[in-house]
**Student:** 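Right, I'll just put the structure down here and ask away after.
In this chain, residues are counted from 1 in sequence order. Both backbone and side-chain heavy atoms feed into the values below; hydrogens, waters and symmetry mates do not.
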Amino acid sequence: MKLNLFGKALFMAMLAFVVSTFVYFSFANIYSSKILNFQEFEQQFSSGIYQYRKLSGWLLLGVYEVFQSLNLDPEIFKLKFLDPKSEPLFYLSFYLLNTFFLMLSAVMLTLISESKSFEATETEKTLINGLIIFTISLSQFVIVPYDVSSYFFLILFFYILLKFLNQQNAQNLVSLCLILALSTLNRETAALSVSIAATLLYAKNGLRQDTKVPVLILAGVFVAGYFGLRMFGEDFTTNDGNLLIQNFTQQKNLLGLVFWITFLVFSLLIAKNKGCARRILMFHVLSAPYIFMCFYSGILYEIRLYVPLFITSVLIGRTKLSQISLNKTIFG
C-alpha cells in the first residue's frame with residue numbers, strides 16, 4: 001500500500017498517539033509514581049540539575065493550568081495509581097505533553113526518511129520510524145516533562161542539518177542555532193546536536209573550514225546557553241552527585257548497561273553499510289562528554305539516557321552523504 005507524504009506522516013503520528021496512549025493508560029507506573037502530583041514535582045524539579053530544564057517545565061505547568069481551568073472530571077479516565085498522593089490531572093498533563101511531542105517527532109522522522117539523503121526501502125522506512133517510536137515509548141516508565149520534547153528537538157535539528165549539508169548557507173546555520181538554543185533551554189541533551197553536526201560535516205568535508213566553523217559556532221551556542229542558565233540561576237549545578245559505582249554494581253543499572261550495549265549493536269546491525277556503521281561509532285566518540293555524565297551522575301536503569309543516542313545512530317546509519325550536493329558554502 002503506497003501513501004503520499006501527508007499520508008505517511010499522518011500514519012506515523014497516529015502510531016505515536018496509539019502507542020503512547022496505551023503506555024500511559026494501560027500500565028500502572030511504579031518508577032515515577034512519587035512525582036505525579038504538583039507539590040512533589042515542584043520540590044524535585046525546582047532544585048539541582050533539574051532547575052535548568054526550563055522550557056519543558058513551563059510547558060507542563062501550562063498544560064496543568066489549562067486542565068484545572070477546564071474543571072475536567074478525571075474519574076472518566078478510570079486511572080489507578082500506586083501512590084495515593086498522585087493527581088490525575090497532573091498525570092494527564094504529562095501524558096498530553098509527551099504524546100504531543102512524540103507525534104511531532106513521528107512527523108519529523110517521516111520527513112527525514114522521505115528526504116533524498118535517507119537510504120532505505122519503503123518498508124524499511126516504516127519499520128525504522130516505528131522502531132524509534134516504540135523505543136521512546138518503552139522508555140516512558142520514567143515520566144519526566146523534558147525527554148520526549150528533547151528527542152523532538154534532536155530530530156528537528158537532524159532534519160535541518162540535512163538541509164545545511166546540502167546547502168551550507170547562513171539561513172540554514174541560523175536555523176540550526178535557534179533550534180539548538182531552544183533545545184539547550186529544554187535539556188542538556190542538546191550537546192548531542194553538536195556531536196551530530198561534527199560527525200556528518202566531517203564525514204562529508206573532512207577537517208576543512210566548512211566543517212570547523214559551523215561546529216565551533218554550534219558549540220558556542222550550546223556553551224553560552226548551558227552556562228548562561230547556570231550563571232543566572234541560584235547556584236551553579238552541573239550534576240546531582242556521583243553514581244558511578246552504583247552504575248557498575250547495582251543489578252538494575254547493569255541491566256541498563258546491557259540495554260545500552262544491545263541497542264548500540266542494534267543500530268550497527270541495521271546500518272546501511274560499513275561506512276555508516278563507522279559514523280555511528282564516531283558519533284559515540286564525539287558524544288563522550290554526554291556519555292560520561294550519564295555514567296557519572298545518571299541512573300543507567302533509566303534507559304531514556306541512551307534513547308537520544310539510539311535515535312541519532314539509527315538516522316546516521318541510513319544517511320547517504322553521496323546524495324548531498326557539494327554546493328559552494330559560506331565558509332570556503
Side-chain angles (χ1 to χ4, degrees), residues 108-109 111-113 115-120 150-185 187-228 264 267-268 271-293 308-332:
M108 292 310 307
L109 287 170
L111 295 178
I112 291 172
S113 63
S115 66
K116 292 181 179 179
S117 59
F118 195 86
E119 190 174 19
S150 72
Y151 307 149
F152 165 71
F153 285 120
L154 197 66
I155 295 167
L156 177 61
F157 183 92
F158 195 99
Y159 175 70
I160 301 300
L161 178 63
L162 293 181
K163 292 181 175 293
F164 182 70
L165 287 167
N166 184 54
Q167 191 172 10
Q168 289 186 226
N169 57 33
Q171 180 180 347
N172 287 330
L173 182 58
V174 169
S175 297
L176 289 174
C177 290
L178 290 175
I179 295 168
L180 183 56
L182 277 176
S183 183
T184 305
L185 190 63
R187 191 186 173 206
E188 300 84 355
T189 315
L192 295 177
S193 296
V194 182
S195 302
I196 300 168
T199 300
L200 293 183
L201 282 167
Y202 176 77
K204 176 192 171 186
N205 303 324
L207 282 177
R208 290 165 37 182
Q209 285 293 103
D210 42 8
T211 294
K212 291 185 285 187
V213 175
V215 170
L216 288 174
I217 292 173
L218 291 169
V221 170
F222 170 75
V223 170
Y226 181 87
F227 286 101
L264 169 59
S267 67
L268 293 171
K272 187 64 180 178
N273 51 49
K274 291 183 179 179
C276 290
R278 285 194 293 269
R279 289 176 201 143
I280 292 172
L281 295 175
M282 179 182 177
F283 166 67
H284 279 72
V285 171
L286 294 174
S287 302
Y290 171 83
I291 294 172
F292 171 76
M293 290 306 299
L309 291 165
F310 178 70
I311 294 171
T312 307
S313 295
V314 172
L315 296 179
I316 289 174
R318 289 286 168 163
T319 299
K320 188 175 182 180
L321 295 177
S322 61
Q323 291 294 318
I324 299 173
S325 64
L326 298 175
N327 294 338
K328 184 177 181 181
T329 75
I330 57 175
F331 305 110

**Student:** Could you measure the distance from the CZ atom of F118 to the CG atom of L111? Nearest 0.5 Å is fine.
**Tutor:** 12.0 Å
**Student:** Apply the test side chain to side chain contact (heavy atoms under 4.5 Å, CB included) to residues T312 and T199: give CA-CA distance (whole Å), side-chain angles for both, the deciding distance (0.1 Å), then the verdict.
**Tutor:** CA-CA 11 Å; T312 307; T199 300; over 6 Å; no
**Student:** Would you say the side chain of I316 lies within less than 4.5 Å of the side chain of C276, judging by non-hydrogen atoms?
**Tutor:** no
**Student:** Please round to the nearest 0.5 Å and tell me the distance separating atom CD1 of I160 and atom CG of L180.
**Tutor:** 13.0 Å
**Student:** Do any N or O atoms from the side chain of K272 and from the backbone of K320 form a donor-acceptor pair under 3.5 angstrom?
**Tutor:** no
**Student:** Which pairs would a plain distance check flag for residues 281-289, meaning a side-chain donor or acceptor within less than 3.5 Å of a matching protein atom at least two apart in sequence or in another chain?
**Tutor:**
residue: H284; atom: ND1; partner: I280; partner atom: O; Å: 2.9
residue: H284; atom: NE2; partner: Y306; partner atom: OH; Å: 2.8
residue: S287; atom: OG; partner: F283; partner atom: O; Å: 2.7

**Student:** First locate atom CG of L109, then atom CD1 of I155, and finally report the distance between them rounded to the nearest 0.5 Å.
**Tutor:** 4.0 Å
**Student:** With a 4.5 Å heavy-atom cut-off, do T189 and F153 have their side chains touching?
**Tutor:** no
**Student:** Distance from T211 atom OG1 to L200 atom CG, nearest 0.5 Å?
**Tutor:** 10.5 Å
**Student:** Evaluate the side-chain proximity of V215 to Y202: yes if any heavy-atom separation is below 4.5 Å, no if none is.
**Tutor:** no
**Student:** Who passes side-chain hydrogen bond (donor to acceptor under 3.5 Å, both in side chains) against R279, sequence neighbours left out?
**Tutor:** none
**Student:** How long is the straight-line distance from CZ of F310 back to OH of Y151, given to the nearest 0.5 Å?
**Tutor:** 12.0 Å
**Student:** Is the closest side-chain heavy-atom distance between F158 and I311 below 4.5 Å?
**Tutor:** no
**Student:** Please name the pair of heavy atoms, one in L201 and one in P214, separated by the smallest distance, quoted to 0.1 Å.
**Tutor:** CD1-CB, 4.0 Å
**Student:** Do the side-chain N and O atoms of N205 and Q168 include a donor-acceptor pair separated by under 3.5 angstrom?
**Tutor:** yes
**Student:** I'd like to know whether V174 forms a side chain to side chain contact (heavy atoms under 4.5 Å, CB included) with L178, so could you lay out the CA-CA distance, the side-chain angles of the two residues, the decisive distance to 0.1 Å, and finally the verdict.
**Tutor:** CA-CA 6 Å; V174 169; L178 290 175; 4.1 Å; yes
**Student:** Is V221 close to L176 at the side-chain level, that is, under 4.5 Å between some pair of heavy atoms?
**Tutor:** no
**Student:** With a 4.5 Å limit on heavy-atom distance, are the side chains of I196 and L315 in contact?
**Tutor:** no
**Student:** Where the side chain of S183 meets the backbone of I179, is there a donor-acceptor pair that is under 3.5 Å apart?
**Tutor:** no
**Student:** Do the side chains of V213 and I217 get nearer than 4.5 Å, heavy atoms only?
**Tutor:** yes
**Student:** Report the distance from atom CG of L165 to atom CG of N172, rounding to the nearest 0.5 Å.
**Tutor:** 9.5 Å
**Student:** Which pair of heavy atoms, one from L321 and one from A203, lies closest together, and at what distance?
**Tutor:** CD1-CB, 3.3 Å
**Student:** Are L218 and S193 side-chain neighbours, meaning at least one heavy-atom pair lies under 4.5 Å?
**Tutor:** no
**Student:** What closest approach, in Å, do A197 and L161 show between heavy atoms, and which atom pair accounts for it?
**Tutor:** CA-CD2, 3.8 Å
**Student:** Closest approach of F222 and E188, non-hydrogen atoms and distance?
**Tutor:** CE1-O, 3.8 Å
